[in-house]
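One structure is given here, and the rest of the page talks about it.
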Amino acid sequence: MKKTVINYLLLLVAALVAVFSVWGPEALAVYKDKTILNAINTQTTEEGEKGYRYQLTAGERLYILSQCLNRQSQPESEQNALTRTEEVEVQELEGAYAFVVNHQGPSGREITDEEIYATCNRMLEDLKQAGILPDTVMDVSAGAYDAVLYSAIDVLEPRNNVAVWKVSLSTSQKNANKANRLLDVYLDADTGKPYEFYVRTQLSWEEVDPDAVIRAWCDYMGLGEPEGYETNNPLLETTPYYQKYVVRGNGEERTIVTIGFYEGINELFIKISK
């Protein structure tokens, strides 16, 4: 009798195991779903975007734009374009950078199409106040100038990008008097400050103090103290009247900035490309 009871118990256990093996996993899954669905669950994860810099310093923005300009052939000063020859690179270019037209237009934080000319005129006034430009330089206007929004992008870290407006004397102004006029400028689309410009003035090179100009420009741009840059390369510029400087970022970034002058047409420029 005792043996029969044991056999029945063994059969019952075996039956229960068989039933659980069929229905158990599904029942557990339903129970787990009920604990997850219609409930808020939090989970701590490692930050996966530490490699991106959301806020770029002024030096980093300058460096990114300079690298992009070194890799493209946008129209520049009329005199510089006419006399340009194939140049030896100042420095070995590393990384991947792109300078492209921003077809999407300004975002909410950037200077708009309607604001760009007024912003450019405020910038000119600031440069005059800083002693970088003479008071004779005239304002810009929508009818005489063209404005195009560009994006300068570090392709390997695309969130490291700089939006810039290029404001240029319109090519339709073929017979326009260019004396005391801004010809080209790259403006930061967030701050309205000029990274690079070409302007006709009444000054001669002897009246320009490059050291004072670069210090005033760096101070205005929020950059560090500039350092002199000496080179024996005669192909760097198409004019003998220039002085080069190095502006450093927070890391390894360094940008070569040129203060230059074209005699005869009295064209003063600051540039960060080649």
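Contact detail for Ala179 and Met138: the closest heavy-atom pair is O-CE, 3.6 Å. Here the shortest heavy-atom pairing between Leu149 and Ala189 reads CD1-CB, 3.9 Å. When all heavy atoms of Gly224 and Cys218 are compared, the pair lying nearest together is O-CB, 3.7 Å. Looking at every heavy atom in both residues, Gly192 comes nearest to Thr119 through CA-CG2, 3.7 Å.
The closest side-chain heavy-atom distance from Pro106 to Asp113 is below 4.5 Å. Contact check for Leu133 versus Leu268: side-chain heavy atoms found under the 4.5 Å cut-off. Side-chain contact check for Asp190 versus Glu110: some heavy-atom pair is nearer than 4.5 Å. Between Leu169 and Leu182 the shortest side-chain heavy-atom distance does not fall below 4.5 Å. Counting heavy atoms from C-beta on, the side chains of Arg200 and Leu183 come closer than 4.5 Å. Looking at heavy atoms from C-beta onward, Val185 lies in side-chain contact with Met123 at the 4.5 angstrom threshold.
The hydrophobic cluster containing Leu69 does not contain Val100, counting ILVMFWY residues as joined when their side-chain heavy atoms lie under 4.5 angstrom apart, directly or transitively. At a threshold of 4.5 Å between side-chain heavy atoms, the hydrophobic network of Ile, Leu, Val, Met, Phe, Trp and Tyr places Val101 and Val164 in one connected group. Linking Ile, Leu, Val, Met, Phe, Trp and Tyr residues whenever their side-chain heavy atoms come within less than 4.5 Å leaves Val155 and Leu62 in two separate clusters. Residues Tyr195 and Tyr145 fall within the same hydrophobic cluster, defined by Ile, Leu, Val, Met, Phe, Trp and Tyr side chains chained together at heavy-atom separations under 4.5 Å. Taken together through direct or relayed side-chain contacts under 4.5 Å among Ile, Leu, Val, Met, Phe, Trp and Tyr, Leu124 and Tyr117 form part of one hydrophobic cluster.
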| field | Ile259/Tyr242 under side-chain contact (heavy atoms from CB on, under 4.5 Å): CA gap, chis, key distance, verdict | value | CA-CA 6 Å; Ile259 310 293; Tyr242 68 90; over 6 Å; no

| message | Thr239 vs Glu263, test: side-chain contact (heavy atoms from CB on, under 4.5 Å). Steps then yes/no. | response | CA-CA 8 Å; Thr239 173; Glu263 191 178 34; 6.0 Å; no

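For Phe269, the ring pair (Phe, Tyr, Trp, His ring centres under 6.0 Å) test picks out Tyr198, Tyr262, with sequence neighbours left out.
Under a 3.5 Å cut-off, the side chain of Gln67 and the backbone N or O of Ile64 do not form any donor-acceptor pair. Side-chain atoms of Trp165 come within 3.5 Å of backbone N or O of Ile111 as a donor-acceptor pair. In this structure, the side chain of Lys128 engages the main chain of Val137 through a donor-acceptor pair within 3.5 Å. Although no hydrogens or angles enter the test, the distance criterion places a donor-acceptor pair under 3.5 Å between the side chain of Glu60 and the main chain of Thr57. Asn161 places a side-chain N or O within donor-acceptor distance of the main-chain N or O of Arg159, the cut-off being under 3.5 Å. At distances below 3.5 Å, at least one donor-acceptor pair connects side-chain atoms of Lys193 with backbone N or O atoms of Tyr220.
Ring pair Phe261/Tyr241 is perpendicular by interplanar angle, where above 60° counts as perpendicular and below 30° as parallel. Using the six-membered ring where Trp is involved, Tyr186 and Tyr150 have ring planes that are perpendicular, over 60° apart on the 30 and 60° scheme.
Summarising the geometry, atom CG belonging to Asn266 is positioned 9.0 Å from atom CG belonging to Asn180; distances are rounded to the nearest 0.5 Å. Note that the NZ atom of Lys271 and the CD atom of Glu196 stand 7.5 Å from one another [nearest 0.5 Å]. In this structure, the separation between CG on Asn102 and OG on Ser151 is 4.0 Å, given to the nearest 0.5 Å. To the nearest 0.5 Å, the span separating OH on Tyr63 from CD1 on Ile272 amounts to 12.0 Å. Gln243 CD to Thr258 OG1: the interatomic distance, rounded to the nearest 0.5 Å, is 9.0 Å. Interatomic distance, OG1 of Thr255 versus CZ of Arg61, reported as 13.0 Å (0.5 Å rounding).
Residue pairs satisfying the salt bridge (charged side-chain N to carboxylate O under 4.0 Å, His left out) criterion with at least one member in residues 217-230, sequence neighbours excluded, are listed as follows: Glu227-Arg248.
Looking at Arg122 and Glu115, no side-chain N of the basic residue comes within less than 4.0 Å of a carboxylate O on the acidic one, giving no salt bridge.
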With a cut-off of 3.5 Å and sequence neighbours excluded, list every side-chain donor-acceptor pair involving residues 208-217.
{"from": "Asp209", "atom 1": "OD1", "to": "Asp211", "atom 2": "N", "distance (Å)": "3.3"}
{"from": "Asp209", "atom 1": "OD1", "to": "Ala212", "atom 2": "N", "distance (Å)": "3.3"}
{"from": "Asp211", "atom 1": "OD1", "to": "Tyr245", "atom 2": "OH", "distance (Å)": "2.5"}
{"from": "Trp217", "atom 1": "NE1", "to": "Pro194", "atom 2": "O", "distance (Å)": "3.0"}

